[in-house]
Each structure stands twice: as C-alpha cells, then as structure tokens.
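Counting starts at 1 for both ligands and their atoms, in listed order. Residue indices begin at 1 and follow the sequence shown.
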Amino acid sequence: MKVSSRVHRMKESSTLAVAARAAALKKEGADIVAFGTGEPDFDTPSNIKDAAIEGLRAGLTKYVATPGTLDARTAVAGKLRDENGIPCKAEHISITAGAKHALYLVLQTLIDPGDEVILPTPAWVSYRPLIELAGGRCVEVAGSMERGFKVLPEELAAAMTPRTAAVILNSPSNPCGITYTPDEIRALCEVIARHPSAVLVSDEIYEKLVYPEIQPGLQHFSPGSLPAMAERTITLNGMSKAFAMTGWRIGYVCAPGSSGFIQELIKLQGQMTNNIPAFFMPAIVEALSPRSASQVEAMRVAFARRAGVVDELVRAVPRFRSVRSTGAFYSFPSIAACKGLTSAGGRAITDAQSFAEALLLEAHVALVPGGDFGECAADHIRITFAAEEALLRKGMARIAEFTGALR
Ligand code: PMP
Ligand code: GLU
C-alpha cells in the first residue's frame, strides 16, 4: 500500500521502540532491567482515579467542547496563573491527548514550509520529526556537556534569523536531566524578545521534578510569566510526569493574548481528535487541586533521592563522563571513551547505538542511545531513573560490569 513520503521519511520514536523491545524480551523470560522509557514508576494517586470513575458513573460519556470543559480549562488556567505566573484565562487553554499531541498541534498551527525552529540539543526525540512533519527546518543549537548542556544567549542569538518562527525550550530537560535557572531563562528570553516574529514554545512537562536537594535554591521558572514574553510564549504541560498519568494521555497548551492562535489550534484539534475523554475532565480538576499536592511532592522527593544515587553510580562507571541531574528523571552520560573497544561478547562499540545494543544483549539493561536526541548526542546514553532504588542499583551494577569488561 502507498505511504506518503512525509510519513515514510519520519523516524520512529526511539524511546517507544526501546520500551517495546525491552517489554518483548521480558515477555520471553529475560531478566531485563528497563531504564528506557521516561515514565514515572508510581501509580496515579487514588483521588485522581476516583474523580474519573465518578465522572464515568455520572454519565460523562459524551462529546464535550473540543478544548475541554470550562471547569477543566479554568483549573488549568488557575494553575498556570497561581503557580507559574502566566497571565492567562480559560479561553487560552486547550486540553489535548498528551503534551505530545499539544506539541503536534502547536507546530502544525505555527509553521509554514521553510520556517526555522531552533532546538537546543540534546533534546527529546519527538521534536525534530514533528517540526519536519509541519514543513519546518530544525536548527539544532548544541549545548556542550562541559557547560552542563545549557545553551548560552550568544549561541541562541547566532542561530536566530528572520525565518525563525519558534524556539523550543525544555527545562527541566529530557534527556539531559538539567534545569535552567530563572536567570538563564531570562537571558535567553532577552534574545528572543529582539526577534518580534519568533515565538517561544516552552515545554514544561517536567516542571514538578526539580531538585534543590542537588543544586541548592534551584526552582522552575516559566518564561510565559515575563511581561515581554507573555504574548509570545506558548506553554506546554500535562499530567503525565507530575501526577504519574502517562497512560491517561492528558496534556495541555496555553497560548495567551489576542492573536487568535489558540482558536486556530482548536480548529485543527476539532478536525482531528476533538476532546479527550469527557470523564477525564473532573480528574484534571482533582489533579490540579491542593488535594494532590502532597502526593506530587512525595514523588518529587523520591526522584530527587534517586537522582543523587544514580549520579554517584554513573560517576563510578569506568570511562563514563556525566553531568549531575538536577531535574526530570534522566542521566545522560557520555560513553565516548568506550568507542573503539570490544565487549566481552565480542561486539564492537562504535557509538552509543552499538553500546546500547551490546548492553541489552549481554547485560540485559535497556536504555536509549543518544543519536535521536540530536547530532551532538551520538556518544551519549540516556538512563531513566524512574525505578526503585534496588532496581537502579542492580541495573547500574550491570552497566559498570559491562563497561569495565570492555577491551
Ligand atoms: N515533552 C517531553 C520533553 C517529554 O519527555 C514528553 C514525554 N513523553 C512529552 C513532552 C510528552 O508527554 P505526554 O505526551 O505523555 O504528555
Ligand atoms: N517522553 C518519554 C521518553 O522520552 C516517553 C516516551 C515518549 O513519548 O517519547 O521516554
């Protein structure tokens, strides 16, 4: 059967591919330690589940407005105003099938063929394919590991042109596990503010996973709260990471101001998916209520502890070099010093891809090789530490043994 060239050209999501492969090997009986997928290992808090169940029982089984019910949009807007300082109202919000769908809708609504989208890398695997699907040109700006993977204002300034339609910022970052400070974000925004036609797409899906335990004083900062950026920033977020709700598929997008952007986006959404399940709407309100805050914080504290444990274990692995994780649940070490060596099982290590393949087959640890996170990331591997400490120690011991045995 015919396949369109734009879909045929598109790469599959390597994060999902690794997850599927690990699951298949586990099913065959292999003792796989899976550090691949970026999803919390915790279950969704029960008050949020109960709200959805009650919604279903109460008959929330019909279509609702495409961007979500007024109650749910009001709850999202209230959260963004109170917690993030973003001046917005319910009418600026659309609730989508995950933040990934929100990103797709934003890029389709924003990009014309040939427009440039600046992507600080290493960056999550889905940005480039979705930029290119929208007809945009992805301009990578590589953050070096020596500077904690962070892109500097002068590097951003050098990449911006009159064709720059958008800059994507993702802090805390997947896959780097780093968090920009408020001052660093302000400095990048000053650069963007000098280009009136460029929009900032701020992907804040990991905002609740910031670790001042590791970098004292560190806190999340939303660029949409800056007056100069308020009407130029599109904020993406969702329930997946903060509330351990990856499987529910709930994200949202906020585009304030009078530009009419959100109405155009909702028009596209109305032709695609329409609303997400109606009985999720009360669950969104419940998740964003103060009743869920202590559970979100308990998960954050657990991730902060794991970040410290994994950081120490990664540093102890022979030949690895890494940056401390201050946010999200990822460590992104360089395996460059392993290149040119051969594994105990006789496999040549030429890049992160071959490293990850040999590690999976010989040491039974699944993780995502860096290549699809950006051109600068081909010698990195992503370790997801969304797992209990005992499993983290078991997997890291396997990685250390595998790497130590390279000759
Ligand atoms: N942005 C980033 C940086 C992510 O890591 C993810 C994880 N899938 C998403 C967006 C999308 O999350 P979801 O679709 O589950 O809301
Ligand atoms: N964002 C997560 C990851 O990077 C989930 C999988 C995906 O959607 O990419 O692993």
Side-chain angles (χ1 to χ4, degrees), residues 10-23 34-42 44 68 76 94-107 117 119-131 143 149 166-180 201-210 220 234-254 269 272-273 276-277 280 283-284 287-288 303 325 327-332 356 366-374 377 380-387:
M10 190 170 72
K11 282 190 110 169
E12 89 174 303
S13 163
S14 53
T15 49
L16 299 183
V18 168
R21 184 132 182 249
F35 291 162
T37 329
E39 69 175 340
D41 51 317
F42 299 105
T44 304
V76 171
S94 188
I95 297 168
T96 58
K100 197 183 276 192
H101 181 214
L103 176 69
Y104 173 87
L105 292 169
V106 165
L107 293 170
V117 178
L119 184 66
T121 52
W124 178 45
V125 294
S126 291
Y127 293 126
R128 176 184 272 277
L130 294 184
I131 291 167
F149 294 115
V167 177
I168 294 182
L169 190 65
N170 170 223
S171 174
S173 152
N174 175 6
C176 305
I178 55 112
T179 308
Y180 283 81
V201 178
S202 180
D203 180 345
E204 305 185 13
I205 190 95
Y206 295 102
E207 66 156 341
K208 295 290 183 193
L209 303 179
V210 172
H220 174 72
I234 297 170
T235 304
L236 304 181
N237 205 330
M239 306 286 129
S240 285
K241 317 290 174 170
F243 303 94
M245 291 172 69
T246 45
W248 294 58
R249 312 307 303 127
I250 305 176
Y252 55 84
V253 48
C254 170
Q269 186 177 353
M272 286 183 77
T273 49
I276 67 162
F280 286 179
I284 294 169
L288 296 176
F303 283 124
S325 303
F329 32 59
Y330 305 110
S331 174
F332 201 57
L367 44 71
V368 186
D372 288 350
F373 296 99
H380 289 258
I381 52 168
R382 191 187 76 175
I383 298 168
T384 303
F385 53 79

Note: ligand 2 atoms sitting under 4.0 Å from heavy atoms of L16 are 6 (C), 7 (C)

With the threshold set at under 4.0 angstrom, would you say [X] reaches ligand 1 through any of its heavy atoms?
X    : result
D203 : yes
K241 : yes
Y127 : yes
R249 : yes
G238 : no

Looking at Y330, W248, W124, the heavy atom closest to atom 6 (C) of ligand 1 belongs to W124

A student comparing R382, K100, K241 should find that the heavy atom closest to atom 8 (O) of ligand 2 comes from K100

Taking distance alone, with N or O pairs closer than 3.5 Å, would you say [X] contacts ligand 2?
X    : value
V125 : no
N174 : yes
S126 : no

Looking only at protein heavy atoms, what sits closest to atom 7 (C) of ligand 2 is T15 OG1, 3.4 Å

For atom 5 (C) of ligand 2, the closest protein heavy atom turns out to be G38 O, 3.7 Å

On a heavy-atom basis, the closest approach of F385 and S325 is CE2-OG, 3.8 Å

- Query: What about Y330 and H380, are their ring centers closer than 6.0 Å?
  - Reply: no

